[in-house]
Number of protein chains: 2
Amino acid sequence: MFTKVLVAEDYEIANQGIIKVIQEGLGIQNIHESKYCDDAYLKFRKAFQENEPFELLITDLSFKEDHKVQIRTSGIDLIQDIRKIQPNINVIVYSQESRPDKINMLFQKLDINGYVCKGQNAVRELVSCVQGVFRGDTVLPPEVTEASTDNIVNLDDFDIMLLEELSQGLTKKEIVQKLKKLKITPNSESTIDKKLSKLFDDFKAKNTTHLVAIVKDLGLL
Amino acid sequence: MFTKVLVAEDYEIANQGIIKVIQEGLGIQNIHESKYCDDAYLKFRKAFQENEPFELLITDLSFKEDHKVQIRTSGIDLIQDIRKIQPNINVIVYSQESRPDKINMLFQKLDINGYVCKGQNAVRELVSCVQGVFRGDTVLPPEVTEASTDNIVNLDDFDIMLLEELSQGLTKKEIVQKLKKLKITPNSESTIDKKLSKLFDDFKAKNTTHLVAIVKDLGLL
DNA sequence: GAAGTCCTTACGGATTTCCGTAATCGAAGG
DNA sequence: CCTTCGATTACGGAAATCCGTAAGGACTTC
């Protein structure tokens, strides 16, 4: 089993909970904790430089802002930065997010090894996830494996940008101007209309406001 | 210090975290846990009937639905039902909610003894909250005591309904029709326009889509 | 009773949204 | 070479949004 683990989670009680579970459930003793991404990164680098590297990172995704100014504000940044130092580090994300497409994104873009949803069965899932990752498996949560590929809308970067701008109150004309200024194509109002129509269909939205509300609810923005 | 405590929290890891904290931080040993409101209620009643009642309830507010059909679906129900049995039971709510008005409502309507926000400093807050409640204090979280009343937009039920309908993609005409059908006044398109304009000002929104996005982000919908 | 305020309603107009049709262009394939 | 297909763009029109002005009613205040 892993012998040295770092837990990055800003909510202290969740942090303590994770530690309790992997201590008692898996017998891991050398567990370090961090409430901030930057702190986690520094702990990680120090351990690596001293030739006593961590073998597993268990991290949340969202870290609430507080008075401490942080360079890294999300677990995603943390993972990317840590991977630059130690590319083969095992990473398990433990987060609220339960949308399959978001979780899949983590596996695809960040190449994480496991994911556990904060939830009712998180103890069992976390234990078996750590065990699975230790065996070299990629451990998807039931939220993803059970959700067959249906009902998943795939958004590309352009779609996300569109939704982002709309949710910030820009009109389509303004978006067009912005795109042209940034020399991003396509940038005609007509194309944006088309893309939006497709999103309306995909999400069964009646209008822009509805669309943004849906996407916000899904946590995609 | 309290000797017998019940922890009701559906997220297992948070549950374990709470137990660890009040065990190690306060030396309480007799801690029972529950993932479901109904289960918590039954444990509570049993203990009371056997003359070994709990002295403190630490409970979450929201309990996720799952396969088990529950009579009580929220911590609020749980608190009310338990108070019927043992009116003087001490109650601490441990929840995500950080909006001052919502939290104040708990103290006013449910007469809870303490509140702790899930967050970065929850360990310290929880420990001192339990200590305060043991002394007989009413322990408000810093989120409430620090939040000066500025910068808070007060929404009435009509505003909320408006925002709700808009976020579901209804047009203003459709909302007007709905209001007239439900015999709710005011119900003219003009008034709705006015109310909306005020919301635009309040939230510094550029248009309806922006407004809904802002309100969603604030968690008011 | 008069004046002021607040809420509701009506209306008009500039702008924007939403959704058609249609033309253009490049890439892929026979 | 030609056809097909998908992506982009142009354009137009009905509907909806956004934001003024203005008028009427209920209420308070002097």
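First the proteins, then the strands, lettered A, B, ... as listed; each starts at 1. All of these numbers come straight from a predicted model, not from anything done at the bench.
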Do B/Ile76 and B/Ile79 touch side chain to side chain, with heavy atoms closer than 4.5 Å?
no
Counting only side-chain N and O atoms of B/Thr191, is one of them less than 4.0 Å from OP1 or OP2 of C/dT9?
yes
In whole angstroms, the gap separating P of D/dA7 from CG of A/Asn187 amounts to 17 Å
Exercise for the section: Flag the pair B/Glu164 / B/Gln168 as yes when at least one side-chain heavy-atom distance between them is below 4.5 Å, and no otherwise. Expected result: yes
Inset, instruction - Would you mind checking if A/Lys216 and B/Asp217 are paired as a salt bridge, meaning a charged N to carboxylate O distance below 4.0 Å? - result: yes
>> Counting the atoms with a prime plus P, OP1 and OP2 as sugar-phosphate, which does B/Thr171 contact under 4.0 Å by heavy atoms, base, sugar-phosphate, or nothing?
In response: sugar-phosphate
In whole angstroms, the gap separating C1' of D/dA16 from CD of B/Glu174 amounts to 10 Å
Separation of C/dC11 atom P from B/Ile192 atom CD1, nearest Å, is 16 Å
Of the candidates D/dT8, D/dC18, C/dT9, the side chain of B/Asp193 sits closest to D/dC18
Whole-Å distance, B/Lys172 NZ to C/dT15 C1', equals 12 Å
### Query
With sugar-phosphate meaning primed atoms plus P, OP1 and OP2, does B/Lys194 contact a base, only sugar-phosphate, or nothing at under 4.0 Å between heavy atoms?
base
Rounded to whole Å, the CD-P distance (B/Glu165 to D/dA16) equals 16 Å
B/Lys173 NZ to C/dA10 P, in whole Å, measures 12 Å
Heavy-atom side-chain contact between A/Tyr41 and A/Ser34 under 4.5 Å:
no
Q.
OP1 or OP2 of C/dT15 versus the side-chain N and O atoms of B/Asn207: is any pair under 4.0 Å?
A. no
Exercise. For B/Asp201, answer base if it contacts any base atom (sugar-phosphate contacts may also be present), sugar-phosphate if it contacts only those atoms, and nothing otherwise; contact means non-hydrogen atoms under 4.0 Å.
Key: nothing
Sequence neighbours excluded, the answer for side chain to side chain donor-acceptor pair (under 3.5 Å) partners of A/Asp137 is A/Arg135
From the list B/Lys35, B/Lys118, B/Gln16, side chain to side chain donor-acceptor pair (under 3.5 Å) with B/Glu9 holds only for B/Lys118
Which part of the nucleic acid does B/Thr208 contact within heavy-atom distance under 4.0 Å: base, sugar-phosphate only, or nothing?
sugar-phosphate
- request: Under 4.0 Å between any heavy atoms, over every strand shown, what does A/Lys206 touch: base, sugar-phosphate, or nothing? Just pick one.
  value: nothing
B/Leu179 CG to C/dT8 P, in whole Å, measures 12 Å
Between CZ of B/Phe200 and C1' of D/dT17 the distance, given in whole Å, is 8 Å
| Checking all strands, does B/Lys198 fall into the base, sugar-phosphate, or nothing category for heavy-atom contacts under 4.0 angstrom? | nothing
- Task: Check whether any side-chain heavy atom of A/Ile103 lies under 4.5 Å from a side-chain heavy atom of A/Pro141, and answer yes or no.
- Result: yes
One would report the end-axis bend of the helix from C/dG1-D/dC30 to C/dG30-D/dC1, five pairs per end and rounded to 10 degrees, as 20°
For A/Tyr11, the side chain to side chain donor-acceptor pair (under 3.5 Å) test, sequence neighbours excluded, returns B/Gln96
Checklist entry - Within the structure shown, what part of the strands sits under 4.0 Å from A/Ser190 by heavy-atom distance: base, sugar-phosphate, or nothing? => result base
